[in-house]
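Just so we're on the same page: letters track the sequence lines, and every chain starts at 1.
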2 protein chains.
Amino acid sequence: MRRPLIRKLEKFTRLSRADKEMLVRIAAQRVRRFAAREDIIHEGEKPEFINLINEGWACRYKTLEDGRRQIIAFFLPGDLCDLNVFILKEMDHSIGAITPVSVSEISRAAFDEMMIGHPRITQALWWESLVAAAIQREWTVNLGQRDALERMAHLLCELFIRLDAAGCTSDSSCEFPLTQTELGETLGMSTVHVNRTLQELRASNLIVLKDRTLTIPNLQALQDVALFNPNYLHLDREGRHLDANEE
Amino acid sequence: MRRPLIRKLEKFTRLSRADKEMLVRIAAQRVRRFAAREDIIHEGEKPEFINLINEGWACRYKTLEDGRRQIIAFFLPGDLCDLNVFILKEMDHSIGAITPVSVSEISRAAFDEMMIGHPRITQALWWESLVAAAIQREWTVNLGQRDALERMAHLLCELFIRLDAAGCTSDSSCEFPLTQTELGETLGMSTVHVNRTLQELRASNLIVLKDRTLTIPNLQALQDVALFNPNYLHLDREGRHLDANEE
DNA sequence: GAAGCGACCTTACCTATGTTAATGTCGGAC
DNA sequence: GTCCGACATTAACATAGGTAAGGTCGCTTC
């Protein structure tokens, strides 16, 4: 359950002992904790570090002048915020904690060190950032083409599979800390409609969601209603199946 | 009007003569042309090259099983497809030409060569890819929070400003080859509603759109209805204004 | 233990946007 | 000059999803 980043990167490539030690060392350097709803970094600030989420859930979000808020991405354990952000002069969005989180700050120097001596890690981090981009694209498809039910189902599939890759599921269940308001801000729908939609998924026995725990009794069935195709997560190293689960 | 990539990168940093020669050389290596509507690369294929758009418009898109199509991004002259895509085993989406396009294919070797000897270029390409990610995020906000009119206005502002950065505008006009169907596939709305929305923008004198030419008489006014904030494009090198136009 | 609060659920009503389908316009092929 | 296909436009009608309002439950606070 520890070291979700390593666990995730190994979905892409094998890492040597030295690679893993490097990652552990980097992640231990500057650790910060944030309370739920606290901002990790705010729009307009100068980014100085790459953030790595060790524990808890966070999100990117953006607020329009008139107060509407959109959640743009979720960061789960093992997720990195943006490689090389420090190139930009200021953040164009904020990153906030959803649950209490533990975050490692990676400095420019530490990052460069890692990129130079460890080609395996470099490759793996490139992969992780290409996947993050693919996820963002899929969200565009989700918001543009799918209706409320499909959209919700799609999000739940994605989160579940990503959590699984980070080693944060057990059987068909995972922690699920999002409120209906946050789901609405993510999927571009009102809380009322989020509620209706969740009811509908529950009524079809596609999900059980209670006490911050999500259970998906039949993932394939949920994927079917979502028109969910996991290829964009680029998780299979050798074309093997997700649940081959060989560690 | 030539070399839109160089023009765009110089929005971020000054490039030396050697840097520019390098970019010109790379772009001249393998040039391909595609007709309008032809695919440059298709979902499922193995990516071998980074594509650079020299001329014309292209788009990323994804098609759901049931035929719904979402345009995920536009590539304008000077845009690069994905740095380092070749790490991935297969494309999770397609890239298609909208108009006839000229594309330079950049091989892994050429890319590595560029990244090693030219730190300025490396930085600039990182910047370009961070901006591309920011654009994708903004599209998420656009689809999630803005209504049809705002959404359309936002897209038009973005495209105009990006074209301007690549040197593809004159005064307040630019070529605009998108059909209403394509606009609908981009903004997640029906063609009928695209049409209504364009009429409304025309009636308010916010745009003139005719014969594949878009004119925005008052960009600020259009930005206002779109709740458009250009910060996500990260275009001002020294906090100077977009139209300082010092070349 | 009363008051306050945040998550959640529900209902009734309303509207932005989708659907379908008919019609118009224009440029190119022959 | 006629025909055709791609695109734009319009109208009439249908619906997914938004808005407003209110209610329940459990937790915290003092």
Can you tell me how far [atom2] of [N] sits from [atom1] of [X], to the nearest Å?
X      : N      : atom1 : atom2 : result
A/R196 : D/dT19 : CZ    : P     : 11 Å
B/D211 : C/dG27 : CG    : P     : 8 Å
A/L198 : D/dG17 : CG    : P     : 14 Å
B/L187 : C/dA16 : CG    : C1'   : 15 Å
A/H193 : C/dA12 : NE2   : P     : 18 Å
B/Q145 : D/dG17 : CD    : P     : 15 Å
B/L209 : D/dC7  : CG    : P     : 14 Å
B/M189 : C/dT19 : CE    : C1'   : 15 Å

Hey, are B/E90 and B/K46 close enough for a salt bridge, meaning a charged N less than 4.0 Å from a carboxylate O?
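No, no charged N to carboxylate O under 4.0 Å.
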
Look at A/K62 together with A/E43 and state whether they make a salt bridge at an N to O cut-off of under 4.0 Å.
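A/E43 and A/K62: not salt-bridged.
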
If we ignore hydrogens and angles and just use 3.5 Å, is the side chain of A/R151 paired with the main-chain N or O of A/L187 as donor and acceptor?
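Yes; at least one donor-acceptor contact below 3.5 Å.
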
Can a donor-acceptor pair be found, under 3.5 Å and without considering hydrogens, that links the side chain of A/Q70 to the backbone of A/T186?
yes

Report, as yes or no, whether the 6.0 Å neighbourhood of atom CG on A/D171 holds more than 12 heavy atoms from other residues, nucleotides or ligands.
no

How would you label the contact of [X] with the nucleic acid (heavy atoms, under 4.0 Å): base, sugar-phosphate, or nothing?
X      : result
B/G188 : sugar-phosphate
B/T179 : sugar-phosphate
B/R202 : sugar-phosphate

Return the 5'-most residue of the pair A/V192, B/R212 with respect to DNA chain D, ranking by each residue's nearest nucleotide.
B/R212

Starting from the first five and the last five pairs of the helix from C/dG1-D/dC30 to C/dC30-D/dG1, work out the angle between the resulting helix axes, to 10 degrees.
40°

Is the distance from OP1 or OP2 of [N] to the nearest side-chain N or O of [X] less than 4.0 Å?
X      : N      : value
A/N195 : C/dC8  : no
A/Q199 : C/dT10 : yes
B/Q180 : D/dA6  : no

Do the ring planes of B/H154 and B/Y232 sit parallel (below 30°), tilted (30 to 60°) or perpendicular (above 60°)?
parallel

Taking the six-membered ring of B/F176 as reference, does the NZ or CZ atom of B/R212 fall below 6.0 Å from its centre and within a 45° cone about the axis?
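So B/R212 doesn't make the cation-pi contact.
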
